[in-house]
Amino acid sequence: MKKLVVLSMVACMAVTSVACGSTSTDSTEAADTAQTEATDEAAADADADAADADTAEATGDTYVIAMDTVFRPFEFTNESGEFVGIDVDILKAVAEDQGVTFELNSLGWDAAVAAVQAGQADALMAGASITEEREASGWIFSDSYYDSSQIFTVKSDSDIASFEDLEGKTVAVKNGTQGASFADSLKDEYGFTVTVYEDSPTMYQAVELGQADACVEDKPIMADSIKTGSLNLKTVEGMESETAPYGFAIMNEANQGLLDLFNAGLANIKANGTYDEIIATYLGE
């Protein structure tokens with residue numbers, strides 16, 4: 001727009017000169033000089049605007065991160081109404097370390113995954129286990145930021161003590177999670193059925209109310225939920241998977257720069273002790 005205005009002014013100057021009947025060489029040269037200077041100024045302004053835009057893009061990036069709603073202690077709303085947790089604090093620390101802004105959207109697991117797949121969010125951070133199946137379907141993961149296992153959980157007075165005790169029983173799982181995959185991998189061998197729920201609290205309630213005989217959840221999440229939620233549940237030692245890493249995930253190769261940024265920030269906060277402080281705050285580890 002700036003360039004357009006300058007050139008319009010030059011055109012008016014030239015028209016005025018002709019209308020006045022001026023044929024002097026000096027007048028013509030002056031007009032040419034003015035037009036050249038105006039064009040150079042417009043080009044310089046355009047270059048400056050482009051440079052400013054590049055600088056803003058490089059230093060003022062805001063990324064939308066999709067998250068679960070209730071996945072204690074990784075993300076949850078505390079008594080003060082604040083969205084907190086391990087994932088939240090790690091993202092804040094990485095953002096500060098890397099000089100960027102993360103906009104956190106608490107959507108729920110299914111909606112968070114869908115948002116990243118649809119390009120409505122740039123990345124997912126919701127205790128997502130790094131698996132070959134997810135990578136094969138287009139998930140691109142960061143370095144691990146936590147290692148966890150899946151564990152079977154039953155009602156406090158249940159006599160289920162092994163996988164063999166699940167024959168003929170019903171196991172509750174949360175849709176699309178590693179816990180669901182772990183249960184599915186065992187159901188035929190041990191003869192139990194799987195019922196899918198949309199979120200962890202509903203899954204826990206199903207076991208407490210007797211609608212399911214057991215559920216499967218990430219071990220640190222289950223331990224925290226039983227402790228802080230006073231749930232009438234217990235985990236069963238020996239009924240858990242091998243540990244698997246959690247990762248920050250993108251689903252579009254164009255966001256590789258964001259993934260690299262996260263990895264760099266994660267490495268830095270691990271090196272300076274911030275990461276250990278965050279873990280200790282929520283898990284006492």
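Since the model is a prediction, treat every value here as computed from it, not as a measurement.
Linking ILVMFWY residues whenever their side-chain heavy atoms come closer than 4.5 Å, directly or via other members, leaves Ile130 and Val94 in distinct clusters. Both Ile65 and Phe83 belong to a single network of hydrophobic side chains, linked directly or stepwise wherever heavy atoms of I, L, V, M, F, W or Y lie under 4.5 Å apart. In the hydrophobic cluster analysis, where Ile, Leu, Val, Met, Phe, Trp and Tyr join through side-chain heavy atoms closer than 4.5 angstrom, Val88 is grouped together with Phe76. Met203 and Val171 fall into different hydrophobic clusters, defined by Ile, Leu, Val, Met, Phe, Trp and Tyr side-chain heavy atoms under 4.5 Å apart, directly or through other members.
Residue Phe248 is tested with Leu258, Asp87, Ile90 for a side-chain contact (heavy atoms from CB on, under 4.5 Å); the sole match is Leu258. Between Lys174 and the choices Asp68, Asp110, Asp199, the salt bridge (charged side-chain N to carboxylate O under 4.0 Å, His left out) rule is met once, by Asp68.
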Identify all side-chain donor-acceptor contacts of residues 260-271 below 3.5 Å with residues at least two apart in sequence or on another chain.
residue, atom, partner, partner atom, Å
Asp260, OD1, Gln256, NE2, 2.9
Asn263, OD1, Asp143, N, 2.8
Asn268, ND2, Asp97, OD2, 2.8
Asn268, ND2, Ala264, O, 3.4
Lys270, NZ, Ser144, O, 3.2

Let me have the donor-acceptor pairs involving side chains of residues 111-128, under 3.5 Å, with sequence neighbours excluded, atom names and distances please.
residue, atom, partner, partner atom, Å
Asp122, OD2, Val64, N, 2.8

Exercise for the section: Starting from the C-alpha separation in whole Å, work towards a yes-or-no answer on salt bridge (charged side-chain N to carboxylate O under 4.0 Å, His left out) for Lys187 and Asp184. Expected result: CA-CA 5 Å; Lys187 65 181 182 181; Asp184 285 338; 3.7 Å; yes
Problem - Stepwise side chain to side chain donor-acceptor pair (under 3.5 Å) check, Lys219 with Ser148 - result: CA-CA 7 Å; Lys219 190 173 183 177; Ser148 178; over 6 Å; no
Exercise for the section: May I have the step-by-step check of side-chain contact (heavy atoms from CB on, under 4.5 Å) for Tyr275 and Tyr146, ending in yes or no? Expected result: CA-CA 10 Å; Tyr275 173 86; Tyr146 190 82; 4.0 Å; yes
Exercise for the section: Take Tyr246 and Asp218 through the test side chain to side chain donor-acceptor pair (under 3.5 Å) and record every step on the way to the result. Expected result: CA-CA 11 Å; Tyr246 285 170; Asp218 297 60; 2.2 Å; yes
Practice task
Output, in order, the C-alpha distance, side-chain angles, deciding distance and verdict of side chain to side chain donor-acceptor pair (under 3.5 Å) for Asp89 and Tyr282.
Solution key: CA-CA 10 Å; Asp89 286 4; Tyr282 294 96; 3.0 Å; yes
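In this structure, a donor-acceptor pair under 3.5 Å is present between the side chains of Glu217 and Ser200.
Listed by first and then second residue, the ring pair (Phe, Tyr, Trp, His ring centres under 6.0 Å) pairs involving residues 154-174 are Phe152-Phe163, Phe163-Tyr190 (not counting sequence neighbours).
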